[in-house]
Amino acid sequence: MIIDHPLLGPRDSAEFTYMGDARLIDRPDPEATDAAEAFYDYGYLRDNPAGWHDELWFHEAGDRSWLVITRNTITHEISKVELARDVARARGRSK
Amino acid sequence: MRYSGFQVIKQALTGHKGWTPAWRDPEPADHYDVVIIGGGGHGLATAHYLAKVYGNSKVAVIEKGWIGGGNVGRNTTIIRSNYLLDGNEPFYEFSLKLWEGLEQDLNYNAMISQRGILNLIHSDGQRDAFIRRGNAMILNGADAEMMSTAQIKARYPFLNTYDARFPIKGGLAQHRGGTVRHDAVAWGYARSADSRGVDIIQNCEVTGFRIKDGVCKGVETSRGFIGAGKVGCAVAGHSGRLMSKAGMRLPIESHVLQAFVSEGLKPVLPGVITFGAGHFYCSQSDKGGLVFGGDIDGYNSYAQRGNLPVVEDVCEGAMAIFPMLGRARLLRMWAGIMDMSMDGSPIIDQTHIKGLYFNGGWCYGGFKATPASGHVFAHLLATGEPHPTATAYRFDRFQKGLMIDEKGMGNQPNLH
Amino acid sequence: MHDLKPVTALGEATPRVDTIGTITIAENDGVALASVAARLGHEAACKAGLADLLGATPEVGKAILRDPEAGFWMGPDQWMIGAPRSSHDDLADQLALNLKEAASVTEQSGAWVVFDITGKKMADLCEILCNIPIRRMTAGDVQRTMIHQMSCFVIRRIDDDHIRILGPRASARSLHHALVTAARSVG
Amino acid sequence: MTQPNRISGGQINRETALNFTFDGRSYSGHPGDTLASALLANGVRLMGRSFKYHRPRGPLTAGSEEPNALVELRGGARQEPNTRATTTELFDGLTANSQNRLGSLRFDLLAINDQLSNFLTAGFYYKTFMWPAAFWEKLYEPIIRKAAGLGSLSLKDDSDVYDKGFLHCDLLIVGAGPAGLMAALTAGRSGAEVILADEDFRMGGRLNSETLTVDDQAGTDWAAAMVAELAALPNVRLMPRTTIIGAFDHGIYGAVERVSDHLHTPDPGKPRQILWRIYTQKTVLAAGAIERPIAFENNDRPGIMTASALRTYANRYGVAVDQRAVVFTNNADGHRTARDLNAKGVKVYVIDTRHDAPRSQDYEVLAGATVVDTKGRLGLTFAEIQLADGTARIIECGALGVSGGWNPNVHLTCHQRGRPIWNEPLSAFVPGDVPPGLHICGAAQGDMSTHGALAGGVQAASDALDLNGTMPAIPQAEDAPVEISPFWYVEGCSRAWLDQQNDVTVKDIKLSHQEGFRSVEHLKRYTTLGMATDQGKTSNMGGLAIMAELAGKTIPEVGTTIFRPPYTPVSIGAFAGRHRGQEFHPKRLTPSHDWAAEQGAVIVEAGNWLRAQWFPQPGETTWRESVDREVLATRGSVGVCDVTTLGKVDVQGADAADFLNKIYCNGFAKLPVGKTRYGLMLREDGIAMDDGTAARLAEDHFVVTTTTANALPVYRHMEFVRQCLMPDADVQLISTTEAWAQFAVAGPNSRKVLTHLVDQDISNDAFPFMACANITVCGGLRARLFRISFSGELAYEIAVPTAYGDALIRRIMDVGAPYDITPYGTEALSVMRIEKGHAAGNELNGTTSAQNLGMGRMVSTKKDSIGAVLSRRDGFNQPDDLRQVGIKPVDPADKVPAGAHLMNADGPVDAAHDQGYVTSACYSPILGHHIALGFLKDGGNRMGETMRLVSPLTGVDVGVEICSAHFVDPDGERLRA
């Protein structure tokens with residue numbers, strides 16, 4: 001596969017390491033009263049869609065950016081690639 | 001019709017006119033005691049054991065395509081019970097024992113071939129881990145043997161023990177491991193279940209579950225509603241897709257695993273062998289093809305096809321231990337969808353919806369598990385209780401922190 | 001002055017040069033290296049500091065090929081700076097001093113082996129070594145890529161037939177072997 | 001040597017003779033020949049045996065779709081089984097042998113299977129060999145396995161090398177026939193970067209096999225001129241002998257270039273083959289079409305082949321397979337073969353299934369007739385014809401060309417699971433859904449005429465590249481329509497071969513239908529149709545058509561067959577490239593590697609690192625002697641060990657301490673500058689991930705160490721936390737593992753040794769336990785010093801820039817000489833850490849929690865850290881949880897080996913009563929007996945308990961005592977000395 005890196009342009013996916021669902025960015029609040037349940041959900045349950053999937057890839061053999069890639073799990077088509085740091089900021093992880 | 005050598009001769013002499021379809025092609029009934037979704041190895045085995053062991057023949061297996069077309073029809077055919085953890089080993093050993101009597105049980109020759117499986121060892125740390133595993137196997141009543149490099153070399157004289165980047169320091173063998181003609185497993189179970197009255201309904205896709213007040217009443221299908229006392233799902237690879245129709249999210253991701261076969265070659269490999277310093281395992285089929293594989297591609301996929309990096313990685317492993325394979329040719333590559341679970345072990349359990357049961361999360365261990373999976377799932381469906389060898393395969397183990405993690409990779413499915 | 005004698009990444013007293021057919025593979029032992037990462041909120045100051053040093057801040061995927069200091073982009077807000085070891089053995093300290101709180105500087109001199117590869121079949125050599133579009137690259141283009149499982153930077157230098165490869169120093173011999181083997185292969 | 005069947009013409013160089021042998025007999029051919037054409041020229045039709053029935057076989061085709069003429073090419077370590085004679089380029093000195101025979105090719109003893117074929121029908125093995133049960137493994141299967149396979153491997157290491165490479169282009173064109181050549185010209189003139197690849201050694205495709213003209217030139221000459229023109233374009237790369245093997249995601253194509261296969265041996269340093277990964281924006285598929293046979297009784301004899309193959313041998317190679325030939329066809333193209341053969345002086349008969357078949361002045365056409373049987377034990381001698389009126393006629397012939405129509409070569413279009421669609425006028429499948437960016441033209445698309453190919457090539461290139469402006473003119477060429485009347489098999493035939501290699505006959509398809517295996521997938525799997533080395537290129541359609549007829553369905557209703565990569569089988573060596581033997585993975589050498597080698601150190605692999613395992617001294621005969629000495633010397637005085645391999649990450653920034661607080665379960669915020677702290681890192685699921693130290697060199701600067709094995713995953717994890725979980729923290733990370741040469745100097749005299757090196761005061765007061773600092777050594781070389789200990793002794797780790805590592809180890813040995821400083825390797829390192837009770841990889845095995853490791857209390861509850869929440873789950877906090885313990889033998893002479901399981905002294909020995917296991921074990925030279933670390937249920941409360949340690953696998957059953965894991969200096973006094 002080829003990942004169109006937002007900074008570097010098209011790069012072979014073999015340069016990247018896959019982690020999984022981009023919801024892993026949304027780490028729950030450990031102080032919340034339902035933290036145990038929330039972390040179980042965060043850690044273990046997945047939508048696992050047959051279709052579009054936001055997922056985390058690490059440019060291990062490249063610039064060491066984590067990326068959020070929107071990829072179709074049926075066709076492998078990639079429709080969007082963003083720096084995970086930007087996504088994390090947009091999702092309010094900066095505190 | 002009973003299959004036998006005599007029957008083959010008799011039919012040959014009478015123009016093969018007497019052979020009948022291996023299973024019927026029935027219309028679905030309105031209601032069954034048990035509807036099993038998924039006409040793969042596990043679903044068909046479940047039906048066979050429900051009918052044969054638990055005496056329930058009001059059973060239907062519904063399959064969206066053709067039976068045996070999923071992972072039972074596209075794997076590397078290996079059977080073994082060389083597991084480490086208590087949650088797994090008794091189950092897989094139960095499975096291996098069922099394999100050992102399967103041909104007679106089914107009256108179908110699935111060519112179970114116990115030519116052994118050998119895991120190569122390349123470091124002291126790996127040896128320690130394999131000794132622990134071998135002991136766990138023996139303590140669970142399975143067989144295991146530590147083989148020296150010299151013993152291995154005698155069996156595989158062409159093994160690279162002289163110029164290896166990661167020297168071979170021995171191996172853990174399970175001589176009862178081996179291979180099975182995979183398609184025949186599906187067909188054998190189907191034929192047996194059918195002969196006991198189970199309806200095998202092909203080209204029937206489940207479009208939804210009919211759930212009322214937390215109770216599953218049956219399934220909506222492309223051929224209409226089919227009522228059921230209990231519904232068992234055995235569609236590994238597609239578990240997430242199916243269970244989402246019941247509103248469930250699972251501790252499972254779907255991943256692609258590739259496998260490969262070479263051109264037909266005169267026999268060179270006596271048994272199954274796995275490389276311990278890379279991703280490569282291999283056996284040779286009764287037809288002569290080297291059947292081999294390695295790691296999953298590593299990304300979520302339902303595409304049933306993989307990419308080159310894994311092909312290369314696997315062949316590098318092949319050349320690392322068998323440099324004589326350089327001129328053997330890879331004939332075909334294919335890929336299946338794996339239910340990769342969060343701890344690398346399966347789930348066989350009731351769901352929170354009454355009457356709805358789940359069997360999945362097989363990662364790439366599903367084929368060898370087929371008989372036991374069917375047996376214990378039949379047990380669960382018939383009795384409502386988990387089979388003694390499968391008590392650990394619960395949904396709530398993740399919530400409770402009781403994972404069954406053979407590889408120690410944690411909650412990242414693509415690492416299992 | 002200390003009295004310890006360095007060795008090259010290939011473990012020798014002097015840098016090695018191999019000529020195979022038209023290709024020359026020369027270890028370049030004379031480069032001091034340091035990475036510079038901008039501190040959060042100080043990106044502009046960091047870039048300005050680098051621009052002072054190099055004439056400009058290297059853009060994504062680019063190097064500034066310049067004497068005595070040169071530099072290339074490594075990652076978001078991160079650059080690798082190189083300079084002659086003879087004059088800049090304490091490159092990291094100098095950079096830290098210059099950039100102050102604008103950047104985190106880390107010495108990298110020991111982490112890399114540097115090979116200069118020249119010759120008219122340089123591009124053929126690259127094609128069997130790594131996944132970079134070498135024929136489309138122009139002077140100053142930099143790509144991080146895998147060469148036989150080793151993570152390397154490939155920098156297209158000013159001369160048309162010249163690339164510089166920075167590879168992991170501990171694997172210098174494996175990398176050298178890969179380069180020499182590839183050179184023989186493309187002949 | 002004469003070549004009796006060699007006729008005039010063809011693209012061979014008759015001026016040069018190439019000598020070769022087949023089954024030990026010498027023959028000669030010419031440059032331009034394939035092995036098959038040369039053998040046919042020499043009158044050899046019999047080239048192989050079929051898989052199951054061992055039927056005599058000759059070539060069915062003249063291309064890579066060949067199922068029959070497979071040979072063992074070359075010998076010794078270069079022996080290459082299953083090699084298609086039809087694509088093997090002849091070279092001088094070529095040797096080939098026939099395969100899959102018992103005895104000689106002519107008298108194959110296993111041909112008995114053919115006599116028994118009535119018993120060996122499709123799937124017969126599923127129904128028998130079950131009684132008695134034990135006989136399957138002992139008798140039946142061994143017999144079956146003996147007959148398995150086709151060719152044989154030499155079992156010698158492949159002596160050739162392979163390269164792998166990457167190419168980038170705008171347009172990849174697959175196939176250099178008329179369509180591909182025109183596409184290349186169109187794209188090439190536009191300035192695009194073009195790769196034109198063809199599996200053949202001569203570009204031109206079918207033009208080389210035809211007598212057609214293009215622009216009044218012979219087709220083959222036109223093609224040669226076109227190739228020359230393309231070669232002159234700098235932006236066009238011509239790749240003959242290059243097979244595109246697969247269409248992978250996002251425009252990545254796999255290709256195999258056969259660099260040296262046409263040579264006797266590769267030139268020095270040159271690869272046999274190169275696996276190319278081609279990255280292209282767009283692709284034009286111009287792979288042509290493959291002619292399919294018709295099934296009739298005994299249609300598999302040597303001499304029977306596709307009509308187009310007969311034509312190719314005549315036109316391209318100057319070979320008449322026989323002077324008397326029959327063409328059996330259902331379409332107009334078969335007549336082209338007849339015309340060409342007739343023109344070459346071959347006596348030709350055309351058997352055309354169509355009642356309205358066109359007549360000829362030059363040869364006899366039997367319209368509405370069929371071939372109903374053939375004769376000839378080792379090669380065709382007679383064809384038996386049933387005429388339109390039902391009467392029979394026997395025709396003597398040695399060649400029979402069959403044309404059942406042409407199948408567009410859709411292989412690559414299926415690689416992303418696109419399904420071909422049925423085209424009624426062609427009676428063939430044409431490409432359906434195709435991979436993105438793929439454009440198809442010529443016969444591959446169903447445009448069967450030369451004009452269609454030429455025009456289609458221009459169109460496809462122009463479409464693919466979105467070109468405007470002037471296109472190349474379309475040369476003049478024939479534009480004959482396809483005239484075909486579908487005809488799949490001769491009625492009443494039974495032993496009529498569909499899959500010739502796997503011996504699948506019409507009868508087998510009927511049986512498959514009868515037994516309910518009616519879907520394509522079931523049919524293929526039950527009969528093995530299409531599972532041969534040609535992936536069914538010549539056989540699948542026939543099988544499908546017959547199944548359709550039996551099932552009363554149309555062909556597309558029965559299903560389509562899709563192809564999977566690779567297009568043709570690929571050497572495993574090519575996929576592996578250089579990564580074999582010592583080059584399987586790169587090596588990482590420590591800075592002291594050369595020095596250690598000089599000392600005669602035994603080297604061990606640690607991941608990709610090579611490390612000194614121990615340093616044998618003269619007189620030492622076992623590794624234990626060396627290791628014991630190294631341990632005792634270190635604990636007694638001082639030892640030195642290269643620890644460069646530990647991962648090192650530079651963590652800087654204002655929020656560095658907060659960041660460490662997040663990744664480590666224990667606290668780092670209050671660590672003073674100049675101090676180091678042990679840290680335990682959990683995964684988010686609460687399991688221990690890694691451990692190491694973090695040294696605070698400045699308020700905003702830490703150096704974190706990881707274990708050797710986990711350096712990469714830990715770094716990745718740290719970047720995840722930094723970028724995804726703390727995106728606005730001021731933290732910068734970079735790995736510095738290889739930047740520093742780091743040595744552990746350990747033992748009571750370690751300080752004395754270092755005093756000779758370090759330029760600063762390192763007295764206990766100035767540099768206490770867990771201190772760290774930037775220092776200088778040997779008069780000014782910048783260095784780092786950490787007072788940390790893995791061995792439990794007074795110890796330091798000292799780091800200098802890597803280039804000075806070699807000098808430093810030599811200097812350490814020099815200045816340490818008065819203290820008898822002893823280098824130690826990973827074994828002694830391991831012994832000392834076990835003696836000290838430090839967890840390492842065997843304990844941090846991915847399933848153990850902080851609690852298991854006895855570090856549960858380290859998980860801070862005052863702050864959030866990765867893994868903290870999920871480590872509080874019930875399963876992590878059971879009363880009988882595993883706890884790390886020490887284990888020693890009751891009898892000091894006993895070993896307590898790793899991997900053994902702990903059992904209650906008086907309880908049963910089985911899995912249900914398993915109490916725990918040994919993770920790490922060694923002989924402790926200090927204590928004078930073996931010791932071990934392990935995990936034991938409720939281990940914290942079982943100190944002093946006597947248990948049974950069993951390893952049935954290795955024959956161990958000993959009594960052990962549970963003890964503290966800290967065997968040496970439990971209070972840590974030595975560390976602080």
Side-chain angles (χ1 to χ4, degrees), chain B residues 3 5 8 12 16 19 21-22 66 69 86 103-104 108-109 113 128 131-132 134-135 138-140 144 146 158 163 165-166 183-184 263-268 286-288 307-308 311-312 315-316 318-320 323-334 400-402 405 408-411, chain D residues 80 82 118-119 124 126-130 133 141 144-145 148-150 152-153 155-158 248-249 254 417 511 514-516 519 521 525 533 564-565 569-573 575-576 579-582 584-585 605 683 685 687 845-847 873-876 898-899 901 910-911 917 951-953:
Chain B
Y3 288 162
V8 168
H16 294 286
W19 298 117
W66 302 95
D86 291 343
E103 284 152 350
Q104 284 65 36
Y108 206 85
N109 185 359
S113 176
D128 294 348
I131 291 175
R132 180 184 163 210
N135 283 326
I138 293 171
L139 292 169
N140 273 294
M146 206 66 186
F158 40 79
D163 181 37
R165 175 70 178 82
F166 299 102
D183 292 319
E263 295 180 334
L265 298 162
K266 292 296 172 199
V268 288
D286 280 351
K287 196 161 170 273
N307 277 295
L308 272 178
V311 188
E312 296 174 41
C315 291
E316 287 168 14
M319 289 298 282
M324 62 95 184
L325 287 185
R327 301 180 101 85
R329 296 192 197 88
L330 187 155
L331 167 62
R332 208 168 62 244
M333 48 183 90
W334 68 93
K400 291 184 172 164
L402 298 169
D405 188 351
M409 302 315 290
N411 57 335
Chain D
E80 212 182 304
N82 305 330
N118 196 26
F119 302 94
F124 79 97
Y126 300 128
K127 300 167 182 163
T128 180
F129 303 134
M130 288 177 283
E141 197 193 22
I144 291 174
R145 278 185 86 76
L150 295 165
S152 51
L153 292 166
L155 303 187
K156 296 186 175 81
D157 293 1
D158 188 354
F248 299 94
D249 277 316
R417 299 188 60 78
L511 184 61
Q514 186 180 336
E515 296 194 88
S519 80
E521 288 303 315
R525 288 150 190 272
T533 58
R564 296 179 185 283
V570 176
S571 311
I572 288 174
F575 280 122
H579 300 286
R580 53 183 279 201
Q582 291 296 313
F584 173 59
H585 279 186
E605 301 74 23
R683 299 190 307 232
D685 69 352
I687 296 291
N845 61 17
T847 63
R873 283 177 289 175
D874 294 348
F876 284 65
H901 290 235
D910 60 28
Y917 60 98
S951 174
L953 185 74

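So you know, we letter chains A, B, ... as the sequences are listed, proteins then strands, and number each from 1.
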Colleague: If you count heavy-atom pairs within less than 4.5 Å of chain D, which of B:Asp183, B:Asp86, B:Asn140 leads?
Modeller: B:Asp183

Colleague: Let me know if B:Ile138 has heavy atoms under 4.5 Å from chain D in its side chain, its backbone, both or neither.
Modeller: side chain

Colleague: Is D:Glu605 close to chain B through its backbone or its side chain, or both, or neither, when contacts mean heavy atoms under 4.5 Å?
Modeller: side chain

Colleague: Provide the closest heavy-atom pair for B:Lys266 versus D:Gly149 in the form atom of the first, atom of the second, distance.
Modeller: NZ-O, 3.1 Å

Colleague: Based on non-hydrogen pairs under 4.5 Å, which of D:Lys156, D:Arg417, D:Glu80 is most in contact with chain B?
Modeller: D:Arg417

Colleague: Measuring only between side-chain heavy atoms, which start at C-beta, is D:Leu155 closer than 4.5 Å to B:Val268?
Modeller: yes

Colleague: Most heavy-atom pairs under 4.5 angstrom with chain B, which of D:Glu521, D:Arg525, D:His585?
Modeller: D:Arg525

Colleague: In the structure I gave you, are the side-chain heavy atoms of D:His901 and B:Arg132 within less than 4.5 Å of one another anywhere?
Modeller: yes

Colleague: Does any backbone or side-chain atom of D:Leu511 lie under 4.5 Å from a heavy atom of chain B? Answer side chain, backbone, both or neither.
Modeller: side chain

Colleague: If you tally heavy-atom pairs under 4.5 Å against chain B, which of D:Pro569, D:Ala133, D:Ser571, D:Ala576 wins?
Modeller: D:Pro569

Colleague: Between chain B and each of D:Asn845, D:Asp685, D:Ile144, D:Thr847, count heavy-atom pairs under 4.5 Å; write down the option with the most.
Modeller: D:Asp685

Colleague: Answer with side chain, backbone, both or neither: which region of B:Gln104 has an atom nearer than 4.5 Å to a non-hydrogen atom of chain D?
Modeller: side chain

Colleague: With the threshold set at 4.0 Å, does a side-chain nitrogen-carboxylate oxygen contact exist between B:Arg332 and B:Glu263?
Modeller: no

Colleague: How about D:Ser951 and B:Asn135: does a side-chain donor come under 3.5 Å of a side-chain acceptor?
Modeller: yes

Colleague: Please classify the contact of D:Tyr126 with chain B as side chain, backbone, both or neither, using a heavy-atom distance under 4.5 Å.
Modeller: both

Colleague: Is there a side-chain contact between B:Cys315 and D:Ile572 (heavy atoms, below 4.5 Å)?
Modeller: yes

Colleague: Can you confirm whether B:Phe158 sits close enough to B:Leu325 that some side-chain heavy atom of one is under 4.5 Å from a side-chain heavy atom of the other?
Modeller: no

Colleague: Does any part of the side chain of B:Tyr3, heavy atoms only, come nearer than 4.5 Å to the side chain of D:Phe124, both counted from C-beta?
Modeller: no

Colleague: Among D:Ser519, D:Ser152, D:Gly254, who wins on heavy-atom pairs under 4.5 Å with chain B?
Modeller: D:Ser519

Colleague: For each of B:Leu330, B:Val8, B:Asp128, tally heavy-atom pairs with chain D at distances under 4.5 Å, and name the one with the top tally.
Modeller: B:Leu330

Colleague: Would you mind checking which part of D:Arg145 comes under 4.5 Å of any heavy atom in chain B, side chain (CB onward), backbone (N, CA, C, O), both or neither?
Modeller: both

Colleague: For each of B:Met409, B:Met333, B:His16, B:Arg329, tally heavy-atom pairs with chain D at distances under 4.5 Å, and name the one with the top tally.
Modeller: B:Arg329

Colleague: Return the option, out of D:Val570, D:Thr128, D:Thr533, with the maximum number of heavy-atom pairs under 4.5 Å with chain B.
Modeller: D:Val570

Colleague: Kindly indicate whether the side chain of B:Glu316, heavy atoms from C-beta on, has any atom under 4.5 Å from the side chain of D:Phe584.
Modeller: yes

Colleague: Looking at B:Ala328, B:Gly69, B:Gly288, which has the largest count of heavy-atom pairs under 4.5 Å with chain D?
Modeller: B:Ala328

Colleague: Can you tell which part of B:Ala318 gets under 4.5 Å to a heavy atom of chain D, answering side chain, backbone, both or neither?
Modeller: side chain

Colleague: Taking atom types as modelled and ignoring hydrogens, do the side chains of B:Ser113 and D:Glu141 form a donor-acceptor contact shorter than 3.5 angstrom?
Modeller: yes

Colleague: Are B:Lys400 and D:Asp874 close enough for a salt bridge, meaning some N to O gap below 4.0 Å?
Modeller: no

Colleague: Between D:Gln514 and chain B, with a heavy-atom cut-off of 4.5 Å, which part of the residue counts as in contact: side chain, backbone, both or neither?
Modeller: both

